[in-house]
Amino acid sequence: MFTGIIETLGTIVNIEKEQDNVHLTLKSDFTNDLKIDQSVAHNGVCLTVVDIKNDEYTVTAIKETLDKTNIGNLSISDIVNLERGMKLGDRLDGHIVQGHVDQTAKCTHILEQNGSTVFTFNYDTSLQNITIEKGSITVNGVSLTVVNSKTDEFSVAIIPYTLENTTFKNIKVGDTVNLEFDVIGKYVSRITKL
């Protein structure tokens, strides 16, 4: 379980394919605090630490993860958002995030707007996920509030701190991002359809 509050950024230092799996090795500020078998969210994707050497650690992404997220698009030197699992008793500063990406979306528009930056994303509605105006959404692991919710599109307004301290500073129009829809919103949506 995660909160969507990014702890640090990590850099991809090695990528190895093994059959349908991909092993990603990263360098991060908190590598020395990690343990084998620990869950870490990478751009919102929960992956298990399988190896640690000095200031680098390795996680493995299976075919399912590669097919449904942007993890398979990563290259050496790419930067990713990182968050370790939350501890019971800690404050929940973002929202409840499972680290299970629902689908990807494309960035369609970026607008500088008097101190914030508004990013607009378009997503495939055939998976029946929805956004809710002023509800929560996780984009590449970052807990955000939905603005301008439409059937297949939504926007988020990013404050300068978030822009500087997450991978949002690198997102361009046309880029693919990971989405995890609000687990409470998904539950309510499915209940109302019954």
Side-chain angles (χ1 to χ4, degrees), residues 2-15 17 22-28 40-47 59 61-83 94-95 97-132 135-182:
F2 304 93
T3 66
I5 303 299
I6 302 306
E7 284 186 74
T8 191
L9 298 173
T11 304
I12 306 288
V13 294
N14 192 37
I15 299 173
K17 286 197 69 145
V22 171
H23 305 290
L24 301 167
T25 301
L26 297 95
K27 187 178 282 196
S28 84
V40 177
H42 300 75
N43 281 352
V45 181
C46 178
L47 298 171
V59 294
I62 62 172
K63 186 176 187 317
E64 171 82 2
T65 302
L66 299 169
D67 288 347
K68 295 190 175 176
T69 71
N70 68 5
I71 294 294
N73 300 338
L74 293 173
S75 301
I76 291 175
S77 298
D78 280 353
I79 306 296
V80 296
N81 294 321
L82 298 176
E83 179 189 3
H95 70 281
V97 177
Q98 296 178 302
H100 303 158
V101 170
D102 294 304
Q103 67 183 93
T104 58
K106 291 268 188 218
C107 180
T108 58
H109 194 68
I110 301 171
L111 175 66
E112 300 295 326
Q113 195 174 56
N114 294 326
S116 66
T117 307
V118 178
F119 289 80
T120 301
F121 299 97
N122 180 270
Y123 63 96
D124 177 8
T125 59
S126 68
L127 298 174
Q128 299 181 345
N129 292 308
I130 62 166
T131 58
I132 300 166
S136 296
I137 186 87
T138 307
V139 178
N140 275 354
V142 182
S143 173
L144 299 163
T145 301
V146 172
V147 296
N148 200 19
S149 176
K150 297 181 180 174
T151 302
D152 63 350
E153 183 180 272
F154 68 94
S155 298
V156 291
I158 306 297
I159 63 172
Y161 178 86
T162 302
L163 188 68
E164 183 58 32
N165 291 284
T166 69
T167 59
F168 268 93
K169 63 186 167 202
N170 300 325
I171 293 176
K172 302 176 295 304
V173 170
D175 283 356
T176 299
V177 298
N178 294 324
L179 299 181
E180 182 179 330
F181 292 81
D182 184 4

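- Annotation: side-chain hydrogen bond (donor to acceptor under 3.5 Å, both in side chains) contacts involving residues 4-14, sequence neighbours excluded, comprise E7-R84, T8-D29, N14-E16.
- Remark: N170 engages no residue in a side chain to side chain donor-acceptor pair (under 3.5 Å) (not counting sequence neighbours).
- Side chains of L9 and V80 form no contact here, defined as non-hydrogen atoms less than 4.5 Å apart.
- G174 approaches K106 most closely through the heavy-atom pair O-CD, 3.4 Å.
- Between F121 and F154, the two ring planes are tilted [angle within 30° to 60°].
- Although no hydrogens or angles enter the test, the distance criterion places a donor-acceptor pair under 3.5 Å between the side chain of N81 and the main chain of T167.
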| said: Please determine whether side-chain contact (heavy atoms from CB on, under 4.5 Å) holds for the pair V40 and L47, giving the CA-CA distance in whole Å, both sets of side-chain angles, and the decisive distance to 0.1 Å. | reply: CA-CA 6 Å; V40 177; L47 298 171; over 6 Å; no
| said: side-chain contact (heavy atoms from CB on, under 4.5 Å), that's the test. Do I76 and D78 meet it? Break it down for me. | reply: CA-CA 6 Å; I76 291 175; D78 280 353; over 6 Å; no
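- Nearest heavy-atom pair across N129 and F181 is CB-CE1, 3.3 Å.
- Among residue pairs with one or both ends in residues 161-174, those qualifying as salt bridge (charged side-chain N to carboxylate O under 4.0 Å, His left out) are K172-D175; sequence neighbours excluded.
- Considering OG of S155 and CG of N122, their distance stands at 10.5 Å, rounded to 0.5 Å.
- The minimum heavy-atom distance between F2 and A41, with the atom names listed, is CE2-N, 3.6 Å.
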| field | side-chain contact (heavy atoms from CB on, under 4.5 Å) between T25 and I12, worked out | value | CA-CA 6 Å; T25 301; I12 306 288; over 6 Å; no
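- Between I15 and H23, every side-chain heavy-atom pair lies at or beyond the 4.5 Å cut-off.
- Between the side chain of Q103 and the backbone N or O of L179, no donor-acceptor pair lies under 3.5 Å.
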For residues 107-116, which side-chain donor-acceptor pairs fall under 3.5 Å, sequence neighbours excluded?
| residue | atom | partner | partner atom | Å |
| --- | --- | --- | --- | --- |
| T108 | OG1 | T120 | O | 3.3 |
| E112 | OE1 | T117 | OG1 | 3.2 |
| S116 | OG | Q113 | O | 3.3 |

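- What you find for I71 and H42 is that their closest heavy atoms are CD1-O, 3.7 Å.
- In this structure, T162 contributes its side chain and I158 its backbone to no donor-acceptor pair below 3.5 Å.
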| request: Start with the C-alpha distance between V156 and I137, add both sets of side-chain angles, then the distance that settles side-chain contact (heavy atoms from CB on, under 4.5 Å), and finish with yes or no. | output: CA-CA 9 Å; V156 291; I137 186 87; 3.9 Å; yes
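- Within the structure, every pair that satisfies the side-chain hydrogen bond (donor to acceptor under 3.5 Å, both in side chains) test and touches residues 61-70, not counting sequence neighbours, is listed here: K63-D67, E64-K68, N70-N140, N70-N178.
- Using a 4.5 Å heavy-atom threshold, the side chains of D182 and I132 count as separate.
- Under the rule for a salt bridge (charged side-chain N to carboxylate O under 4.0 Å, His left out), the partners of K150 that lie at least two apart in sequence or sit in another chain are E153.
- For the pair S28 and L82, the tightest heavy-atom approach, listed with the atom from each and the gap, is CB-CD1, 3.5 Å.
- F168 has its ring centre no less than 6.0 Å from the ring centre of Y161.
- Taking every heavy atom of both residues into account, S149 and T131 meet most closely at OG-OG1, 2.6 Å.
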